[in-house]
Amino acid sequence: MKIKTALQFGLCCIFLSHPIKFRIVYANNIKNLNKKERLRKISELCLSNSVNLLDGLKILQRLNIKSFRINSKFFPLYTHPDFSYKLTDLTDYEEIIKTLSKVKKYAKDNQIRLSFHPDQFIIISSPHQKVIENSIAELEYHTLLAGLVGAEVINIHIGGKYESKSETIKRFSKNFKKLSPQTQKILTVENDDVIYTPADVNELSSIIGIPFVYDIHHHRCNPDNLTEEKATELCLQSWQKFRPHQKPYFHISSSKNGARAHADYINPDDIPEFWHQIQATVDVEAKAKELAVIKLMKNFD
DNA sequence: GCATGTCAAGTTGTG
DNA sequence: CACAACTTGACATGC
């Protein structure tokens, strides 16, 4: 007996059983190359990643997986302090742009949503100036890439606790204003598994006017006085208020041995029943990647 | 082929 | 104090 669902499910970052690979390079491995060789190497990787993204979307379309989270290292070392570059520096610049415009068109035509979830180093609420600067640069890089592929969302966490949650939320709000208007328009914020609960994130979300992405596994690790129904409702309201033209995002994962770590697959019982009437995208965070999404979707119509 | 060490970056909790 | 965890291990090297 299959449950009828309005949800759509998404894959995060990588494929496990299909020949789609996103490649990276380390600073150490290009530091002995001259500038021209270095840019050729990086260009090759950026083009390879672009082609793989396009091919990956075609596989997702076949599998009826309607959302994909793009790896933050898509343009490797783009904001590295020693080896940063501009896209126009790259040997294959035109081919990269052309391929990414195909990605954008393919995703739009087939209604596949694209998003980002920048690395743990991206913390605009940090008390350290350098961390804030790096984070802003990294977010602006994501915004550039988001524009090229037509991604809808760049989703981050609030940050560490530092002196107090309320001081950190204030600093986040202050530094948010330093982001470009384009970045402000695409940024979302998610509850985490150790510090900031849905109630905290909803507070920040209301202050600065960006949507709240609800991760129900994090809520279970790091509960507050909100029920899952109430947290869901606040998430939906935030999207309705601040991005009414977009569907909300949820995250799902199942815990491994009852711990914080992610399991290979999703236990379908971890998806609350009341989610199934909601038009939203659920990004699946599971080690078995697209196999986990496929298996999960078999439970639903 | 396989085992191993390393990778730009922050912050927290656990053992 | 070292290490794992976080949206994702990937890569080069040495045998």
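We name chains A, B, ... by the order of the sequence lines, and we start the count at 1 in each one.
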Taking the six-membered ring of Y162(A), is NZ or CZ of R171(A) closer than 6.0 Å to its centre and within 45° of its axis? yes
Taking dT11(B), dA9(B), dC7(B) as options, the one with an atom nearest any side-chain atom of N28(A) is dC7(B)
Of the options R113(A), Q111(A), K247(A), which is the one that meets Q8(A) in a side-chain hydrogen bond (donor to acceptor under 3.5 Å, both in side chains)? K247(A)
What is the nucleic acid contact for F116(A), judged by heavy atoms within less than 4.0 Å: base, sugar-phosphate only, or nothing? nothing
Are S126(A) and dT11(B) close enough that a side-chain N or O sits under 4.0 Å from OP1 or OP2? yes
Of the listed dT7(C), dG9(C), dA8(B), the closest approach to the E285(A) side chain comes from dT7(C)
Heavy atoms under 4.0 Å, any strand shown: does H251(A) hit a base, just sugar-phosphate, or nothing? nothing
Heavy atoms from other residues, nucleotides or ligands near CD of E94(A) exceed 12 (cutoff 6.0 Å): no
Nearest-Å distance for atom pair CG/C1', residues D193(A) and dT11(B): 12 Å
More than 12 heavy atoms from other groups under 6.0 Å of CD on E163(A): yes
Any strand, both distances under 3.5 Å, Watson-Crick or G-U wobble: dG9(C) pairs with dC7(B)
When only distance counts, do a donor and an acceptor, one from the side chain of T79(A) and one from the base of dA8(B), lie under 3.5 Å apart? yes
Can you figure out which of dA9(B), dT11(B), dT7(C) approaches the side chain of H218(A) most closely? dT7(C)
With P as the reference atom in both, quote the distance from dC2(B) to dC6(C) in angstrom, rounded to an integer. 28 Å
In whole angstroms, how far is the P atom of dT7(C) from the CZ atom of F68(A)? 16 Å
Gap in Å between the two C1' atoms, one belonging to dT11(B) and one to dA10(C), rounded: 24 Å
Does K287(A) or Q120(A) map to a spot on DNA chain C nearer the 5' end, using the closest nucleotide for each? Q120(A)
Is there, by distance only and without an angle test, a donor paired with an acceptor across the side chain of K161(A) and the base of dT11(B) below 3.5 Å? no
Below 30° counts as parallel, above 60° as perpendicular, anything between as tilted: where do the rings of Y78(A) and F75(A) land? tilted
Rounded to whole Å, CG of D119(A) lies from P of dA8(B) at a distance of 12 Å
Take atom NZ in K161(A); do more than 12 heavy atoms of anything else shown fall under 6.0 Å from it? no
Any idea which of dA8(B), dT8(C), dT7(C) is nearest the K73(A) side chain? dT8(C)
Here the distance between atom P of dT11(B) and atom CZ of F121(A), to the nearest Å, is 11 Å
Euclidean distance, atom NZ of residue K130(A) to atom C1' of dA9(B) [Å, nearest integer]: 11 Å
P spacing across the pair dG5(B) / dC3(C), given as an integer number of angstrom: 12 Å
Send over the distance from Y196(A) OH to dG10(B) P, rounded to a whole Å. 17 Å
R38(A) NZ/CZ over Y85(A) ring centroid, <6.0 Å and within 45° of normal: no
Report each atom pair, protein N/O against N/O of nucleotides 11-13 of chain C, whose distance is under 3.5 angstrom.
residue: dC11(C); atom: OP1; partner: I24(A); partner atom: N; Å: 3.1

Over all strands shown, is I122(A) touching base, sugar-phosphate only, or nothing at heavy-atom distances under 4.0 angstrom? nothing
Between E233(A) and K230(A), does any side-chain N to carboxylate O distance fall below 4.0 Å? yes
Looking at K2(A), I want to see if its NZ is surrounded by more than 12 non-hydrogen atoms of other residues, nucleotides or ligands under 6.0 Å. yes
Rounding to an integer number of angstrom, what distance separates dC1(C) and dC7(B) when you compare their C1' atoms? 22 Å
I want to verify a distance call: between dA8(B), dG10(B), dT7(C), whose nearest atom is closest to the R69(A) side chain? dT7(C)
Nucleotide dC6(C), atom P - distance to CD1 of I158(A) in whole Å: 19 Å
If I pick the C1' atom on dG9(C) and the same atom on dA4(C), what distance separates them, to the nearest angstrom? 14 Å
Paired nucleotide for dA2(C) [Watson-Crick or G-U wobble; both distances under 3.5 Å]: dT14(B)
Examine dT7(C): is either OP1 or OP2 under 4.0 Å from a nitrogen or oxygen in the side chain of H157(A)? Give yes or no. yes
When the distance from NE2 of H117(A) to P of dC6(C) is rounded to whole Å, what number comes out? 11 Å
